[in-house]
Colleague: 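Below is one structure. I have some questions about it.
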Amino acid sequence: MGEARRTGKRPRQRLPPVLGPDFFGRNADTVARDLIGKALVREQAGTRTSYMITETEAYLGEHDLASHSARGRTQRTEVMFGPPGVLYIYLVYGMHWMINVVTGAPEHAAAVLIRSAGPFTGPGRLARGLQISSALNGVQAEPSAGLWFEDASVATTFRIQAGPRIGIDYAGPAWSRRKLRFSLKGCISD
DNA sequence: GCAGTGATCATA
DNA sequence: ATGATCACTGCC
């Protein structure tokens with residue numbers, strides 16, 4: 001007993017789909033744009049919290065001089081060359097963890113940086129707020145990992161703004177000018 | 001405006 | 001082994 005029956009007139013429960021390789025196995029800029037308004041879900045010690053994603057950045061691949069993968073395959077960038085939907089998490093400035101998800105086909109070293117979600121504006125604050133660090137680097141984003149993405153948009157209509165990426169001037173004007181940062185218009189992070 | 005912080009990578 | 005760099009944040 002105790003199990004809910006799935007027969008009869010009970011309406012079928014609609015679970016928000018977990019975004020997987022089908023979603024992430026596309027161009028980074030498409031994924032980055034599509035992630036705006038989606039949910040980043042964190043579960044720790046049985047407590048689950050969803051955060052609406054409001055800001056992302058696309059890193060297109062080895063040809064993108066702003067991307068870590070432009071320097072080739074290294075120990076750090078190895079996960080970027082792996083399958084889509086895997087988390088790429090690294091430390092910058094000795095104290096801030098960045099949450100990325102690998103996109104595109106394997107061997108195509110592209111990723112999307114999650115810059116803001118829910119109340120956490122800024123990639124460093126986001127990782128700190130969700131208590132994310134290197135433990136999830138190289139791990140598939142799925143419920144068993146405690147961090148995953150869901151197509152759970154609450155807002156029905158919203159505008160997405162595109163602008164230049166932050167903190168990548170080293171890539172030169174051609175790449176730093178490109179509008180590969182996406183944000184929810186009206187949010188503090190837009 | 002700029003200091004803090006330490007992994008990572010190139011150079012040797 | 002050493003030094004430069006860094007997909008940032010917080011406080012001046």
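Chain letters run A, B, ... following the sequence lines, proteins first, then strands; residues in each count from 1.
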Colleague: B:dT8 P sits how many Å from A:E78 CD, rounded?
Modeller: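 Spelled out: CD on A:E78 to P on B:dT8 is 14 Å.
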Colleague: Apart from A:W175 itself, what residues make up its hydrophobic cluster when side-chain heavy atoms of I, L, V, M, F, W and Y under 4.5 Å apart count as a link, directly or indirectly?
Modeller: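 A:L60, A:L65, A:L180, listed by chain and number.
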Colleague: Are the aromatic rings of A:F149 and A:F23 close, with centres under 6.0 Å apart?
Modeller: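 Centroid separation for A:F149 and A:F23: 6.0 Å or greater.
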Colleague: Looking at every strand, decide which applies to A:R128 at a 4.0 Å heavy-atom threshold: base, sugar-phosphate, or nothing.
Modeller: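 Contact class for A:R128: sugar-phosphate only.
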Colleague: For DNA chain B, list all stems, counting runs of three or more consecutive pairs where every pair is Watson-Crick or G-U wobble with both distances under 3.5 Å.
Modeller: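 As far as DNA chain B goes, consecutive pairing (with distances under 3.5 Å) yields the stems B:1-4 with C:8-11, B:6-11 with C:1-6.
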Colleague: Provide the full list of salt bridge (Lys or Arg N to Asp or Glu O under 4.0 Å) pairs with a residue in residues 67-87 of chain A, sequence neighbours left out, each pair given once.
Modeller: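 Passing the test, one end in residues 67-87 of chain A: A:R73-A:E78, A:R73-A:E107.
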Colleague: What is the distance from NE2 of A:H96 to P of C:dG10, rounded to the nearest Å?
Modeller: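 The distance from NE2 of A:H96 to P of C:dG10 comes to 7 Å, rounded to the nearest Å.
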Colleague: Which pairs count as salt bridge (Lys or Arg N to Asp or Glu O under 4.0 Å) when at least one residue sits in residues 133-143 of chain A, sequence neighbours excluded?
Modeller: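 Applying salt bridge (Lys or Arg N to Asp or Glu O under 4.0 Å) to every pair that reaches into residues 133-143 of chain A, excluding sequence neighbours, yields nothing.
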Colleague: For residues 171-189 of chain A, pull every pair meeting salt bridge (Lys or Arg N to Asp or Glu O under 4.0 Å), keeping only residues two or more places apart or in separate chains.
Modeller: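 Listed by first then second residue: A:E55-A:R181.
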Colleague: Keeping to residues at least two apart or across chains, list the ring-ring contact (aromatic ring centres under 6.0 Å, His included) pairs with something in residues 39-61 of chain A.
Modeller: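 Qualifying pairs, neighbours excluded: A:Y51-A:F120.
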Colleague: How does each nucleotide of nucleotides 2-7 of chain C score, in 5' to 3' order, for protein heavy atoms under 4.0 Å: base (B), sugar-phosphate only (S), or none (-)?
Modeller: ----BB
Colleague: Could you name each residue pair satisfying salt bridge (Lys or Arg N to Asp or Glu O under 4.0 Å) that touches residues 43-53 of chain A, not counting sequence neighbours?
Modeller: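 Residue pairs with at least one partner in residues 43-53 of chain A: A:E43-A:R48.
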Colleague: By the rule that ILVMFWY residues connect when side-chain heavy atoms come within less than 4.5 angstrom, directly or transitively, which residues belong alongside A:V18?
Modeller: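 Taking Ile, Leu, Val, Met, Phe, Trp and Tyr as members, A:V18 shares its hydrophobic cluster with A:V41, A:W148.
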